[in-house]
Amino acid sequence: MKKILNPKPETWPQLLMRPTQTVADIEATVAEIFSEISRKGDVAVAKYTQFFDGVHLDSFQVSEKDFDAAEISEELKEAIQLAKRNIEKFHAAQKTESVQVETIPGVQCWQEKRPIQKVGLYIPGGSAPLFSTILMLVIPAKLAGCNEIVLCTPPNAVGGIHPAILYTAKLCDVTKVFKVGGIQAIAAMTFGTRSVPQVYKIFGPGNQFVTVAKQLATKYGVAIDMPAGPSELLVFADDSANAAFVASDLLSQAEHGTDSQVVLVTTSKDMMDAVAVEIEQQIKELPRRAIAQKAIENSKLILIGNNETALQLINEYAPEHFIVVSKNEDYFVENIQNAGSVFIGNYTPESAGDYASGTNHTLPTNGYSKQYSGVNLDSFTKSITFQKISEKGIQQLGPAIEQMAEAEGLQAHKNAVTLRRNYGK
């Protein structure tokens, strides 16, 4: 990892750039695949599944036989079930009651939430089958009351799905699972094909191509959760941190993919040096060492003079995951503005949020935490406002409406009120 000492604020934009291609670099490829799938449906999906995943499939939908054949260890089953309970508990607590208010006598206004009826969930399954993402997406979708849940995940080299993905999907009572990945999965859920249903909103993380595909889907009337691309982590650590813990957290995100990025921000030169040594030692033992090493080459160790400047830099970076280990942790917790999810203290690894603590791991990346939230229960609902005005209420509210409508030159708007106010007189 590159060590950077006290960078000046004017260098921060360049320093904090993510190691990702620009949308322009890959948008043409995504647009071409979208166009073909919109015209040819399953035929095009099969073509690109063969091209990208190296497997020909006669049928995309996972069968009941496939579900029944999925076998994982009892220990893993118990771990998944524990995570499921915690995630359900945290997301169920996010339910809110309807908001009701009488703005003036006779004018009742209220807001209620309704589930998004059709949602599509993308589950990465390339070099790492992210069955945990099923928990993160299906559980709030079910709690919200979504009627139709469509799950797409890439097939492996022999046209199968990792058994942990199938076990978790069945545990969460998802029946529409399709062996489709990448751009073609997002396009299929956007347009609908003979096999894959069209949805109203698409959720789930993915690589840069999936991210651009989700953004393109919005041009065709399909909403998305957020632009969630390659994973990233920023750790702030002062001398109160355990360097071995910090290095393990940085490597945990680096092993996601070669385009992942991890950053250490510290006010301690000793901590910076100790973390660098730990990374070199720990990375040697990782099965995904080659991937992690490539990501580490895109990552940085940054020394900053004080907590205030460090926090300014962190808010500018707007990390997906933010770990803070500091003698003054309250300062960072209370003043962080831009982060997808925050992990506090030496004994709170980012892995906890990835799997089983209860929070959601589908989070905004690439600086989007400045304006996006991570997935939560409300992500799967819409808020609808209602109002009911009595005869007395329209008499009180009406004059203001008439004045405003007339000032905007919208006579029919005014008439709709005046007719009611004068009715029966």
Side-chain angles (χ1 to χ4, degrees), residues 7 9 12-13 15-20 87 90-91 94 132-133 136 140 203-205 211 224-238 240-241 245-246 248-254 256 259-267 275 295 298-302 304 306-379:
W12 290 358
L15 173 65
L16 300 178
M17 287 183 65
R18 270 67 167 184
T20 55
I87 295 164
F90 183 70
H91 288 76
Q94 297 169 20
S132 56
T133 302
M136 300 294 174
F203 296 78
T211 300
I224 63 172
D225 50 359
M226 73 195 82
S231 191
E232 60 194 38
L233 166 69
L234 186 147
V235 179
F236 176 83
D238 61 19
S240 68
F245 294 175
V246 172
S248 70
D249 285 318
L250 294 169
L251 289 170
S252 75
Q253 290 307 291
H256 265 294
D259 52 2
S260 296
Q261 186 178 60
V262 294
V263 177
L264 171 68
V265 176
T266 181
T267 50
V275 169
N298 294 321
S299 301
K300 300 172 176 70
L301 304 170
I302 304 174
I304 294 292
N306 55 66
N307 288 349
E308 291 73 22
T309 305
L311 184 63
Q312 290 173 13
L313 183 143
I314 293 163
N315 275 322
E316 178 61 29
Y317 184 73
E320 175 190 20
H321 306 100
F322 172 42
I323 296 177
V324 54
V325 187
S326 170
K327 294 185 289 287
N328 194 8
E329 69 180 31
D330 289 347
Y331 171 75
F332 289 91
V333 172
E334 291 167 7
N335 292 287
I336 185 68
Q337 299 296 321
N338 304 322
S341 191
V342 181
F343 304 78
I344 306 161
N346 267 311
Y347 292 94
T348 313
E350 187 279 329
S351 305
D354 267 354
Y355 291 110
S357 62
T359 61
N360 207 291
H361 76 201
T362 309
L363 302 164
T365 66
N366 205 29
Y368 282 112
S369 66
K370 290 178 179 176
Q371 59 273 95
Y372 283 89
S373 305
V375 165
N376 54 73
L377 189 65
D378 281 349
S379 303

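Predicted model only: the values in this text are computed from it and were never measured.
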S.K.: Under the rule for side-chain contact (heavy atoms from CB on, under 4.5 Å), what residues qualify as partners of S260, not counting sequence neighbours?
M.R.: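 Only S231, H256, A295 meet the side-chain contact (heavy atoms from CB on, under 4.5 Å) criterion with S260.
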S.K.: Report yes if some heavy atom in the side chain of N298 is under 4.5 Å from a heavy atom in the side chain of E232; otherwise report no.
M.R.: no
S.K.: With a 4.5 Å cut-off on side-chain heavy atoms, are V325 and F245 touching?
M.R.: no
S.K.: Can you tell if the side chain of P7 reaches within under 4.5 Å of the side chain of I302, non-hydrogen atoms only?
M.R.: yes
S.K.: Taking atom CG of L363 and atom CG of N376, what is their separation to the nearest 0.5 Å?
M.R.: 10.5 Å
S.K.: Determine whether F332 and I344 make a side-chain contact, defined as any pair of heavy atoms from C-beta on separated by less than 4.5 Å.
M.R.: no
S.K.: CD1/I87 to OG/S357 distance, rounded to the nearest 0.5 angstrom?
M.R.: 8.0 Å
S.K.: Does the side chain of S379 reach to within under 4.5 Å of the side chain of F203, using non-hydrogen atoms?
M.R.: yes
S.K.: Going by the rule side-chain contact (heavy atoms from CB on, under 4.5 Å), which residues pair with F343 if we only count those two or more places apart in sequence or in a different chain?
M.R.: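 For F343 the side-chain contact (heavy atoms from CB on, under 4.5 Å) partners, ignoring immediate neighbours, are H321, I323, S341, T348, E350.
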S.K.: Which heavy atom of A310 sits nearest a heavy atom of F236, and at what distance?
M.R.: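 Minimum heavy-atom contact is CB-CE1, 3.7 Å.
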S.K.: Picking from V275, L251, T266, what satisfies side chain to side chain contact (heavy atoms under 4.5 Å, CB included) with V246?
M.R.: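 It is V275, the one option of V275, L251, T266 that forms the side chain to side chain contact (heavy atoms under 4.5 Å, CB included) with V246.
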S.K.: Run the side-chain contact (heavy atoms from CB on, under 4.5 Å) test against T362 and tell me which residues pass, sequence neighbours left out.
M.R.: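 Listed in chain order: T133, M136, L137, P205, D225, M226, N360, V375.
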S.K.: Calculate, to the nearest 0.5 Å, the distance between atoms OH and CD belonging to Y317 and Q261 respectively.
M.R.: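 It is 3.5 Å, given to the nearest 0.5 Å.
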S.K.: Which pair of heavy atoms, one from L377 and one from P140, lies closest together, and at what distance?
M.R.: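 Closest heavy-atom pair between L377 and P140: CD1-O, 3.4 Å.
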S.K.: List for me each residue that meets side chain to side chain donor-acceptor pair (under 3.5 Å) alongside D378, sequence neighbours excluded, and say none if there are none.
M.R.: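 Scan of D378 (side chain to side chain donor-acceptor pair (under 3.5 Å), adjacent residues dropped) gives K113.
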S.K.: Without swapping roles, check the side chain of T211 against the backbone of P227 for a donor-acceptor pair under 3.5 Å.
M.R.: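 The answer is no, because no donor-acceptor pair under 3.5 Å joins these two groups.
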S.K.: Which pairs pass salt bridge (Lys or Arg N to Asp or Glu O under 4.0 Å) with one or both residues in residues 336-348, sequence neighbours excluded?
M.R.: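 Qualifying pairs: none.
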S.K.: According to side-chain contact (heavy atoms from CB on, under 4.5 Å), who are the partners of T309, at least two apart in sequence or on a separate chain?
M.R.: W12, I304, N306
S.K.: With sequence neighbours left out, which residue pairs that include part of residues 351-374 fulfil the ring pair (Phe, Tyr, Trp, His ring centres under 6.0 Å) condition?
M.R.: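 For residues 351-374, and leaving out neighbouring residues, the ring pair (Phe, Tyr, Trp, His ring centres under 6.0 Å) pairs sorted by first residue read Y368-Y372.
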S.K.: Quick check: does any side chain N or O of N346 sit under 3.5 Å from a backbone N or O of S240, one acting as donor and the other as acceptor?
M.R.: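 Indeed, once roles are kept as given, a pair shorter than 3.5 Å links the two residues.
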S.K.: Could you tell me whether the side chain of V324 reaches within less than 4.5 Å of the side chain of I314, counting heavy atoms only?
M.R.: no
S.K.: Not counting sequence neighbours, list each pair that qualifies as a salt bridge (Lys or Arg N to Asp or Glu O under 4.0 Å) and has a residue in residues 319-344.
M.R.: D238-K327
S.K.: Are the side chains of N335 and N315 in contact, using a 4.5 Å heavy-atom criterion?
M.R.: no
S.K.: List the residues meeting ring pair (Phe, Tyr, Trp, His ring centres under 6.0 Å) with F322, not counting sequence neighbours, and say none if there are none.
M.R.: none
S.K.: Measure the CG-NZ distance between L16 and K300 for me, rounded to the nearest 0.5 Å.
M.R.: 7.5 Å
S.K.: Identify the heavy atoms of S369 and A339 that sit nearest to each other, and give their distance.
M.R.: OG-N, 3.4 Å
S.K.: From E308 CD over to T267 OG1, what is the distance, rounded to the nearest 0.5 angstrom?
M.R.: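 So the CD of E308 and the OG1 of T267 are separated by 10.0 Å.
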S.K.: What pairs meet the salt bridge (Lys or Arg N to Asp or Glu O under 4.0 Å) rule with one or both residues in residues 355-370, with sequence neighbours excluded?
M.R.: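 Applying salt bridge (Lys or Arg N to Asp or Glu O under 4.0 Å) to every pair that reaches into residues 355-370, excluding sequence neighbours, yields E316-K370.
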